[in-house]
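Accompanying notes for the structure given below.
These numbers come from the heavy atoms of this one structure, side chains and all, not from hydrogens, waters or symmetry mates. Throughout, protein chains are lettered first and strands after them, A, B, ... in sequence-line order, and every chain is numbered starting at 1. What you see is a predicted model; the values in this text were computed from it and never measured.
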There are 2 protein chains.
Amino acid sequence: MATAAVGTAEDRTISRKVGQPPTRTKCPAPFLLKTYELLELEEEEENYSEKNKVVSWNEEGTGFVVWSPAEFSELMLPKYFKHNNFSSFIRQLNTYGFKKVASKRWEFSHEKFKRGSKHLLGKITRKKSDPSAFPAYLKPCDQILAAKEGNNISLQLLMEENHNLRKERLELEMQIAHFKTLETKLMECLSQYVGNQHNKVRRLF
Amino acid sequence: MATAAVGTAEDRTISRKVGQPPTRTKCPAPFLLKTYELLELEEEEENYSEKNKVVSWNEEGTGFVVWSPAEFSELMLPKYFKHNNFSSFIRQLNTYGFKKVASKRWEFSHEKFKRGSKHLLGKITRKKSDPSAFPAYLKPCDQILAAKEGNNISLQLLMEENHNLRKERLELEMQIAHFKTLETKLMECLSQYVGNQHNKVRRLF
DNA sequence: GGGAATATTCCC
DNA sequence: GGGAATATTCCC
């Protein structure tokens, strides 16, 4: 079991003196603190070892390099997190705005994540998912976006679009119903040729 | 490291025949499957042990009892989950709608969580976060109309519905793409049996 | 018990 | 790289 101690945003809010709403000082998110400590502790450990480096700060201390993702994932991640997946680690880095800064090696950096600057970690925040911004494939039509920019989203427009979307949905569902009918017919037909049951044909696909 | 294999709702959607929007069959959420298997495996194991029971189905098999939360948390939870906290386990039970059904012991039940009825697990769903805020998905018109009457159409609500509709559309389009692929394969296959060209087979339908 | 934040996973 | 679902944590 990892020593994980996950915190919420709330309990990370330290209101220095029942502070100003804008001037809140946060202690770092668990992920950032753990990653920072991982670097400090593991780098120190590696100084005493004869093995190749697995992970370390880069030369300038402006980022860090995972020299061996395999060993890093297998040996170090479980010591700090509840998993051993490199991709989950990367996902977290992206969530907190780290950038991959080299093409040939796993080097990441973040403006506020530097060697010797633990106090900056509290200023790193998770990227917002911006509830008003939809993913590309779900992006509202240009009309809506245009209206939004003008701070003038038309309710009428939205309702109209929703109406159209429901209509589209119905059409798509009808298409699917048609496909299902067709599939059944094809299956039956094929069954005759195969001289076999519907289900046996199905196994072909 | 636990053997955890967490799935999303998406990959749990088994479209039996790339089915109707309402008729989706889901395989159980990882949490439910693991809890069910925990009960089966650990109960079996305890039959061979001389120790007191830690966890088991209740007498009727309509629920289960954690006889020793301490041992349960320390010994069993880590085998199935990425933690050893009883409260996190309880949180998940609540998320999936389980009820505590005894005051003097940790006994929980859920209508669709019964001994010998593994097939029912797929019918258990996570509880929605806020039915009053995001029902646009299921009852768009009612919500919108109600809000309209109150002269209080929520823009957020509309955009939420808009978002969900787009998502649905994408899913339907993916189903259709799948059907098209299937149809092509079936046609090709049939062509071989008919000893003829694609187009000739098509005339059959 | 459940809201909400962060973590982990899976998918595009 | 990031959206979104589930998992885990923390709080009320």
### Task
Taking salt bridge (charged side-chain N to carboxylate O under 4.0 Å, His left out) as the test, write out the residues that go with A/K123, two or more places apart.
none
### Task
Rounded to the nearest angstrom, tell me the gap between atom NE2 in B/H178 and atom C1' in C/dC11.
16 Å
#### Entry: Cationic N near anionic O, under 4.0 Å, A/E71 to A/K51
no
### Query
Separation of B/I124 atom CD1 from D/dT6 atom P, in whole Å?
13 Å
#### Entry: Salt bridge present between A/E40 and A/R115 (N-O < 4.0 angstrom)
no
### Summary
In whole angstroms, the gap separating P of C/dA5 from CG of A/L32 amounts to 17 Å
### Query
So which nucleotide from D/dA7, C/dT6, D/dT9 ends up closest to the side chain of A/R126?
C/dT6
### Task
Take atom CZ of A/F86 and atom P of D/dG1, then tell me their distance rounded to the nearest Å.
11 Å
#### Entry: Shortest side-chain distance from A/F31, nucleotide among D/dG2, C/dG2, C/dA7
C/dA7
### Query
Side-chain N or O of A/K127 less than 4.0 angstrom from OP1 or OP2 on D/dG2?
yes
### Task
Looking only at side-chain atoms of B/R91, point me to the closest of C/dT8, D/dT8, C/dG2.
C/dG2
### Query
Separation of A/H83 atom NE2 from C/dC10 atom P, in whole Å?
12 Å
### Query
Should B/Y96 be listed as having a side-chain N or O under 4.0 Å from OP1 or OP2 of D/dT6?
no
### Query
For the pair made of CG in A/L93 and P in D/dG2, what is the distance, rounded to whole Å?
12 Å
### Query
Roughly, in whole Å, what's the span from CD in A/Q92 to C1' in C/dA5?
12 Å
### Message
Under 6.0 Å between ring centres: does that hold for A/F89 and A/W106?
### Response
no
### Task
Classify the angle between the aromatic ring planes of B/F98 and B/F64 as parallel (below 30°), tilted (30 to 60°) or perpendicular (above 60°).
perpendicular
### Message
Is there a side-chain contact between A/K82 and the phosphate of D/dT9, meaning an N or O under 4.0 Å from OP1 or OP2?
### Response
yes
### Query
Quick one: A/F89 CZ to D/dG1 P, roughly how many Å, whole number?
14 Å
## Note on the structure
From the candidates D/dA7, D/dA4, C/dG1, the one with an atom nearest any side-chain atom of B/K167 is D/dA4
### Message
Does D/dT8 have its OP1 or OP2 closer than 4.0 Å to a side-chain nitrogen or oxygen of B/N85?
### Response
no
